[in-house]
Amino acid sequence: MAHPSPNQLSPVFGWAFIVAGGYPMAVATNVLPDTSNSPTDAPMWVLFLCGLVFVVSGIMLLLQGKSPEESRLNHLFAAILLGIFCICGGWVAFFSPAEGMAGGLPFVSRAVNVAIARMAFGSGALLTFWMFTYALRQFFQSMK
């Protein structure tokens, strides 16, 4: 039995990602009720952006092509995806409540572990911001 090629599976995974991302977006906008019964420290706009990550990823899988127009759109959606990562990581680094951060290094105070976590998320936000600007530059250069 022959295995399907990755190009044959891209549409399947693309639509699966779009559907999977639609659920948290619908919960965040109160289109669907939140039935999780678990407390959320993040605001609903963060939950919406997390769902949007899956939707944008699904769109990128559906647009996976070799034509210049599809490549240009891929740069745009990559920039959007990285911008969302940057925003979410920045929110965790600067605004998330310390009570929501768990784990860390043993034998180190909770305050130090929270500071390490904030620095890690802040560093990730800076890195994704750099990648966002690169993808956006690639998008604008492909318009020439």
Side-chain angles (χ1 to χ4, degrees), residues 2-105 108 110-144:
H3 295 286
S5 72
N7 288 340
Q8 292 171 322
L9 291 177
S10 289
V12 172
F13 282 109
W15 285 110
F17 277 35
I18 290 170
V19 170
Y23 179 75
M25 291 173 69
V27 169
T29 56
N30 290 322
V31 171
L32 292 176
D34 182 8
T35 58
S36 65
N37 294 328
S38 63
T40 299
D41 290 331
M44 286 296 140
W45 65 266
V46 173
L47 180 64
F48 182 86
L49 288 180
C50 290
L52 190 58
V53 163
F54 281 90
V55 171
V56 170
S57 299
I59 292 170
M60 289 176 75
L61 283 170
L62 292 175
L63 291 178
Q64 180 180 325
K66 305 299 181 212
S67 75
E69 180 63 23
E70 290 169 333
S71 179
R72 189 170 75 82
L73 284 174
N74 198 16
H75 291 307
L76 176 63
F77 283 115
I80 292 168
L81 185 66
L82 290 163
I84 294 169
F85 284 148
C86 178
I87 290 168
C88 291
W91 179 84
V92 172
F94 295 110
F95 303 110
S96 70
E99 298 81 33
M101 296 184 184
L105 300 173
V108 177
R110 174 141 175 82
V112 171
N113 275 322
V114 168
I116 291 170
R118 291 192 188 280
M119 284 189 289
F121 275 96
S123 299
L126 284 174
L127 179 63
T128 55
F129 179 75
W130 175 77
M131 293 175 2
F132 160 78
T133 58
Y134 178 78
L136 205 55
R137 192 178 94 206
Q138 292 296 110
F139 168 72
F140 285 117
Q141 284 180 348
S142 68
M143 292 178 69
K144 295 178 183 178

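Numbering of residues begins at 1 and proceeds along the displayed sequence. We use all heavy atoms of the structure for the numbers below, so side chains are in, but hydrogens, waters and symmetry mates are not.
- Applying the side-chain contact (heavy atoms from CB on, under 4.5 Å) test to Phe121 and every residue at least two apart in sequence or in another chain returns Val92, Ala93.
- The shortest heavy-atom contact between Met44 and Val27 is SD-O, 4.4 Å.
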Side chains of residues 49-58: which donor-acceptor pairs under 3.5 Å do they make with residues two or more places apart or in other chains?
{"residue": "Ser57", "atom": "OG", "partner": "Val53", "partner atom": "O", "Å": "2.8"}

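- Applying the 6.0 Å contact sphere to OH of Tyr134 captures no more than 12 heavy atoms from other residues, nucleotides or ligands.
- Judged as a side-chain contact (heavy atoms from CB on, under 4.5 Å), and not counting sequence neighbours, the contacts of Leu127 are Trp130, Met131.
- The side-chain heavy atoms of His75 and Gln141, taken from C-beta on, include no pair separated by under 4.5 Å.
- Here the shortest heavy-atom pairing between Met101 and Ala117 reads SD-CB, 3.7 Å.
- For the pair Pro43/Phe95, no side-chain contact is recorded, criterion being any heavy-atom separation below 4.5 Å from C-beta on.
- Under the side-chain contact (heavy atoms from CB on, under 4.5 Å) criterion, Ile18 pairs with Trp15, Ile59, Leu62, sequence neighbours left out.
- Counting all heavy atoms, side chain and backbone alike, Trp91 lies closest to Pro97 at CH2-CD, 4.3 Å.
- Taken to the nearest 0.5 Å, the SG atom of Cys88 stands 6.5 Å off from the CH2 atom of Trp45.
- Leu82 and Ala135 make their closest contact through CD1-CB, 4.2 Å (heavy atoms, listed as atom of the first residue, atom of the second, distance).
- With rounding to the nearest 0.5 angstrom, the CD1 atom of Ile80 is 9.0 Å from the CZ atom of Phe132.
- For Arg72, the salt bridge (charged side-chain N to carboxylate O under 4.0 Å, His left out) partners at least two apart in sequence or on another chain are Glu69.
- A heavy-atom distance below 4.5 Å is found between the side chains of Phe129 and Thr133.
- Residues meeting the side-chain contact (heavy atoms from CB on, under 4.5 Å) test with Val112, sequence neighbours left out: Val108, Ser109, Ile116.
- Here the OG1-CD1 distance, from Thr128 to Ile87, works out to 9.5 Å after rounding to the nearest 0.5 Å.
- Rounded to the nearest 0.5 Å, atoms CG (Leu32) and CE (Met25) are 12.0 Å apart.
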